[in-house]
Chemist: 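Once you've had a glance at the structure underneath, I'll fire off some questions.
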Amino acid sequence: MKIQNYIAGTLRDPLRGQWLDNINPATAEVYSHVPASQAADVAQAVEAAKAAFAGWAAMPAQKRADILLKIAYLIDRDFDALALAVSTDQGKPVKLAKAVDIPRASANMRFFATAAIHFASESHAMEGAINYTLRTPVGVVGCISPWNLPLYLFTWKIAPALAIGCTVVAKPSELTPRTAYLFSKLCMEAGLPAGVLNIVHGRGAEAGHAIIEHPEVAAISFTGGTATGKHIASVAAPMFKKLSLELGGKNPNIVFADCDFEQAVKTSVTASFSNQGEICLCGSRILVERSVYEKFVAAFVERTRQLVVGDPLAETTHVGALVSEGHMKKVLGYIALAQQEGGNVLTGGQQVTVPGRCAQGFFVEPTVIVGLDQQCRTNQEEIFGPVVTIMPFDREEEAVVFANSTAYGLAATVWTENLSKAHRVAAALKSGIVWVNCWLLRDLRTPFGGVKQSGVGREGGWEALRFFTEAKNVCVKW
Ligand code: NAD
């Protein structure tokens, strides 16, 4: 099976004819080949996007929306095939792909297609004059997405860019390219004009780098690791490109003694191990008020042990394969580090051999570690796997200090039935997103993003549409 680039409305092999292996992480088998695109492929894509820009930007928003809504409809039509593709590429249970990834991909397209119809710009009346703000699409933009939620995050970026009238050069992760490839075929079927969206596959250091340094790419929307984000900023900032960076997290999950205990345990297990812990929003540091600490740890471990690690295609599987062998080794390395740092592994900690077709796959047990201090590397660095630590705290202020003690600030969760405490703690957390008594409950209109090393800028709602525009103020005196 061969994946192709989507450039100027056609599917193409990479110019230099070089390919990467696409590995199914559940079986460790190469199941397709991905273009190892280079700067020349990106240059063609940017050329096509430039040529398409004037026509797409001038098209009435309603007409653009009609095409994007057709793509959403086609995602729904091909629901099962896309769910299977995302699971095979990434290792997640197909059940999860059906519940989360694919519904959200079509929701992203619908949400931004229709939002752009309602988009408005501001006006400011003053004595003797009126100011109005024109917001026009910035031009050709680069959208670079990661492997953990391949189609979900890919569409989350390109949908607002396209809806507002930008043309796009996009690069999905080279580890999970298949759904973006299938998506390119849906765009052709839906009648998206040639060059409006171009999808270039390949390595970050080659195809990705070529996008960020291309002088005709006016804005970069990136989701991925903090180290990559720093590199992108260092290349794009001196070129004065607009930048939206959605980066890593080390999210605290704070459990107060006055919480709904059953709900806190149940949702905390989901927040820890969903998608093998490979979600930037996973709560990887669980902070529990000391009076319920022992009880929480026991209940949490018991529930974790019930999770089935297995074949992503099996209906009974809760935890699938990690995305790659390299990533699995990184996660196992962090478990070993935690033990060196004095951590006690209460459950998990090992690679799992799943019998049958998945015997060579990259599976790791859901792992719970206690006994670590807040400053150790295990509690400071993003692991991005099925590994959580649990630590006790004594007072509310202490919980907030612990929660805020990393370089990251993406998301946090607070469990309490005390309304005032919930608001107080939410306000004190240095984090772009706070969930109270829930996790990953998403309204696509809300600002989404992180503070500190978790990123710059916000996605979601009007923020995303504004990012892809330039504002111009016109002041008219009468
Ligand atoms: P990554 O940074 O390695 O790669 C992300 C994308 O960037 C890929 O498409 C990759 O090919 C590309 N890339 C890599 N090097 C590049 C370069 N030099 N120039 C241009 N592009 C380059 O991240 P990953 O391993 O794919 O994803 C995991 C990370 O993503 C985790 O840190 C996770 O927290 C983060 N993430 C953040 C969010 C969020 O919304 N904040 C969401 C999902 C994942």
Side-chain angles (χ1 to χ4, degrees), residues 2-22 32-54 56-57 137-147 150 153-155 157-158 161-162 166-185 187-188 192-225 228-245 468:
K2 211 169 69 169
I3 282 166
Q4 290 176 295
N5 289 331
Y6 171 53
I7 296 174
T10 60
L11 296 173
R12 301 180 183 183
D13 287 353
L15 287 168
R16 287 222 195 132
Q18 292 175 354
W19 302 84
L20 306 170
D21 287 344
N22 182 18
S32 77
H33 295 283
V34 192
S37 307
Q38 313 280 323
D41 301 282
V42 169
Q44 278 194 345
V46 175
E47 214 39 57
K50 240 178 94 182
F53 177 67
W56 183 247
V138 290
V140 177
V141 301
C143 295
I144 301 178
S145 51
W147 48 258
L153 289 173
F154 184 77
T155 49
K157 292 196 172 302
I158 63 166
L162 295 173
C166 291
T167 54
V168 176
V169 177
K171 195 196 86 61
S173 170
E174 60 275 31
L175 297 177
T176 53
R178 186 147 178 78
T179 41
Y181 172 59
L182 297 175
F183 185 86
S184 46
K185 293 185 178 184
C187 291
M188 293 164 80
L192 188 70
V196 166
L197 171 66
N198 303 274
I199 304 176
V200 184
H201 296 274
R203 292 189 187 93
E206 295 166 356
H209 187 79
I211 294 172
I212 60 174
E213 71 169 3
H214 197 296
E216 301 283 356
V217 174
I220 307 286
S221 173
F222 169 78
T223 298
T228 315
K230 271 185 197 164
H231 170 73
I232 290 176
S234 74
V235 174
M239 299 174 84
F240 303 108
K241 295 182 185 220
K242 288 189 92 175
L243 269 181
S244 168
L245 301 172
F468 290 111

Chemist: Taking Thr223 for the side chain and Ser145 for the main chain, is one N or O donor matched with an acceptor at less than 3.5 Å?
Modeler: no
Chemist: For the atom pair OG1 (Thr228) and CZ (Phe222), what is the distance rounded to the nearest 0.5 Å?
Modeler: 4.5 Å
Chemist: Answer with yes or no whether the side chains of His33 and Asp21 bring together a donor and an acceptor at under 3.5 Å.
Modeler: yes
Chemist: Does any non-hydrogen side-chain atom of Leu20 lie less than 4.5 Å from one of Arg203?
Modeler: yes
Chemist: With rounding to the nearest 0.5 angstrom, report the CD1 to CZ distance, Ile199 to Phe154.
Modeler: 3.5 Å
Chemist: Checking the side chain of Trp147 only, and the main-chain atoms of Glu174 only, is there a donor and an acceptor separated by less than 3.5 Å?
Modeler: no
Chemist: Ignoring hydrogens and angles, tell me if any N or O in the side chain of Lys242 forms a donor-acceptor pair with the backbone of Ala218 under 3.5 Å.
Modeler: no
Chemist: Measure across Ala161 and Val168 and return the closest heavy-atom pair with its distance rounded to 0.1 Å.
Modeler: CB-CG2, 3.7 Å
Chemist: I want to check something: taking the side chain as every heavy atom from C-beta on, are Leu192 and Tyr6 in contact at a cut-off of under 4.5 Å?
Modeler: yes
Chemist: Out of curiosity, Ile144 CD1 to Ile211 CD1, how far, rounded to the nearest 0.5 Å?
Modeler: 4.5 Å
Chemist: For residues 228-241, which residue pairs qualify under salt bridge (charged side-chain N to carboxylate O under 4.0 Å, His left out), counting only residues two or more places apart or in two chains?
Modeler: none
Chemist: Does a salt bridge link Asp41 with Arg12, judged by any charged N lying under 4.0 Å from a carboxylate O?
Modeler: no
Chemist: Test your reading of the model: is there a side-chain donor-acceptor pair from Thr167 to the backbone of Ala49, 3.5 Å cut-off?
Modeler: yes
Chemist: Once salt bridge (charged side-chain N to carboxylate O under 4.0 Å, His left out) is applied, what residue pairs with a partner in residues 212-225 remain, sequence neighbours excluded?
Modeler: Lys50-Glu216
Chemist: Answer whether the closest heavy-atom distance between the side chains of Val42 and Ser37 falls below 4.5 Å.
Modeler: no
Chemist: Taking the side chain as every heavy atom from C-beta outward, state whether Val140 and His214 have any pair of such atoms under 4.5 Å apart.
Modeler: no
Chemist: Distance from Trp19 atom CH2 to Asp13 atom CG, nearest 0.5 Å?
Modeler: 4.0 Å
Chemist: At their closest point, which heavy atom of Gly139 faces which heavy atom of Phe53, and how far apart are they?
Modeler: CA-CE1, 3.4 Å
Chemist: Would you compute the distance between atom CD of Glu206 and atom NZ of Lys171 and round it to the nearest 0.5 angstrom?
Modeler: 10.0 Å
Chemist: Under 4.5 Å between any side-chain heavy atoms of Tyr181 and Leu11, yes or no?
Modeler: yes
Chemist: How long is the straight-line distance from CG of Asn198 back to OG1 of Thr10, given to the nearest 0.5 Å?
Modeler: 9.0 Å
